[in-house]
Amino acid sequence: MSLELTPDELLSTTRAVRRRLDLTRPVPRRLIEECVDLATQAPTGRNRQRWHFLVVTGGAQRRAVADLFRRAVAAGGGKPQNKRDLRRMYAHPDSMERIADGFQHLYDNIHRVPAFVIPAVEGRTDRASVLDQSMTWGSILPAVWSFMLAARARGLGTVWTTAQGPLERELATVLGVPYDEVMLAAFIPLAFTVGTDFRPARRVPREEVLHWDRW
């Protein structure tokens, strides 16, 4: 399945999909491999190509990873939002309510999602300098976004989550990943979408984010 989307439509309608994941249809391996092939065409720092994509579809392994997702969410973590974050988050009525509702649906049904994609990158950024962090994350984030765009073009939905964070070491053990050498960058549920009619999100005005010549 391939959607007929212009480049602008693809970029503006690739949404975080939580509630509209089709939990009844397996995702063919061929489609995931196509998405990974496109992902690895993304830019990579110094051409080091340190990216990896772990895909979980097997029943027992998927249940174990789903359980880790739920326990990681319960563990929480992350810095609290500041006033500016909160203003932007709630700039449009009902936006956060819909996100919370979608996340609850995902949490309740995570064990039913047909595939999980865990992007990883060689090298850890724990206590690293900003330079080292930017080079490492800059070598995995473009590839993951390319994966998500490729998935959207094929009628698949994704959502970037950081649920792996609190229990990253445990998830690495379950997946056989050498934790001291490889960082798990995200936890991405993957499924066909219920319908393909996604719209651009409401964002804060361009004037708030565009800076010309100086801040």
Side-chain angles (χ1 to χ4, degrees), residues 5-19 35 38-53 72-73 75-103 106 117-153 157-168 181-189 198-215:
L5 300 171
T6 68
D8 283 1
E9 287 172 334
L10 181 63
L11 288 167
S12 63
T13 65
T14 300
R15 304 261 58 85
V17 185
R18 302 175 183 89
R19 177 169 285 282
C35 292
L38 290 168
T40 55
Q41 289 299 310
T44 170
R46 298 179 182 175
N47 197 34
R48 290 178 294 185
Q49 304 178 61
R50 292 179 170 181
W51 43 45
H52 297 269
F53 292 83
V73 169
K79 294 182 179 179
Q81 311 298 336
N82 61 41
K83 290 182 179 179
R84 283 175 295 179
D85 290 334
L86 292 170
R87 179 185 61 79
R88 290 185 289 252
M89 289 164 63
Y90 291 92
H92 298 286
D94 303 327
S95 291
M96 289 307 298
E97 287 80 0
R98 287 196 301 273
I99 290 173
D101 181 66
F103 181 78
L106 179 65
V117 178
I118 295 95
V121 59
E122 295 174 28
R124 301 201 60 84
T125 60
D126 311 72
R127 295 176 295 279
S129 69
V130 171
L131 175 60
D132 286 338
Q133 289 185 51
S134 62
M135 287 194 297
T136 299
W137 287 100
S139 291
I140 186 62
L141 284 169
V144 178
W145 182 232
S146 290
F147 179 95
M148 297 168 87
L149 291 170
R152 162 72 171 142
T158 58
V159 53
W160 173 289
T161 84
T162 53
Q164 84 293 344
L167 298 179
E168 184 197 357
E181 302 171 15
V182 175
M183 184 166 56
L184 304 182
F187 184 104
I188 300 176
F198 292 91
R199 297 176 296 176
R202 293 178 295 177
R203 300 299 195 203
V204 298
R206 179 202 310 140
E207 291 74 19
E208 290 194 29
V209 300
L210 178 61
H211 307 271
W212 216 280
D213 288 333
R214 58 182 296 143
W215 187 265

Distance-minimising heavy-atom pair for [X] and [Y]:
| X | Y | value |
| --- | --- | --- |
| Ala42 | Ser146 | CB-OG, 4.0 Å |
| Glu9 | Leu5 | OE1-CA, 3.4 Å |
| Gly76 | Pro166 | O-CG, 3.1 Å |
| Thr13 | Phe198 | CG2-O, 3.2 Å |
| Ala185 | Ile140 | CB-CG1, 4.2 Å |
| Ser139 | Gly45 | OG-N, 2.8 Å |

[X] [atom1] to [Y] [atom2] distance, which is reported to the nearest 0.5 Å:
| X | Y | atom1 | atom2 | result |
| --- | --- | --- | --- | --- |
| Ile118 | Gln164 | CD1 | CD | 8.5 Å |
| Ile188 | Thr158 | CD1 | OG1 | 6.5 Å |
| Leu131 | Thr136 | CG | OG1 | 9.0 Å |
| Arg15 | Arg199 | CZ | CZ | 10.5 Å |
| Thr40 | Phe147 | OG1 | CZ | 11.0 Å |
| Leu167 | Leu184 | CG | CG | 11.5 Å |

Donor-acceptor check, side chain of Thr125 to backbone of Gln133, threshold 3.5 angstrom: yes or no?
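Side chain of Thr125 to backbone of Gln133, a donor-acceptor pair under 3.5 Å: no, none is there.
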Between Arg152 (side chain only) and Gly157 (backbone N and O only), is there a donor and an acceptor less than 3.5 Å apart?
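Answer holds: no.
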Considering the options Arg87, Arg88, Arg84, which one meets the salt bridge (Lys or Arg N to Asp or Glu O under 4.0 Å) requirement together with Glu208?
Arg87
Mind checking what makes salt bridge (Lys or Arg N to Asp or Glu O under 4.0 Å) contact with Asp8, not counting sequence neighbours?
none
Determine which pairs satisfy side-chain hydrogen bond (donor to acceptor under 3.5 Å, both in side chains) with at least one residue from residues 44-53, sequence neighbours left out, and list them in order.
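Qualifying pairs, neighbours excluded: Asn47-Gln49, His52-Glu122.
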Would you say the side chain of Val159 lies within less than 4.5 Å of the side chain of Phe103, judging by non-hydrogen atoms?
no
Donor-acceptor list for residues 90-99 side chains, cut-off 3.5 Å, not counting sequence neighbours:
unit_1	atom_1	unit_2	atom_2	d
His92	NE2	Arg203	O	3.2
Ser95	OG	His92	O	3.2
Ser95	OG	Arg202	NH2	3.4

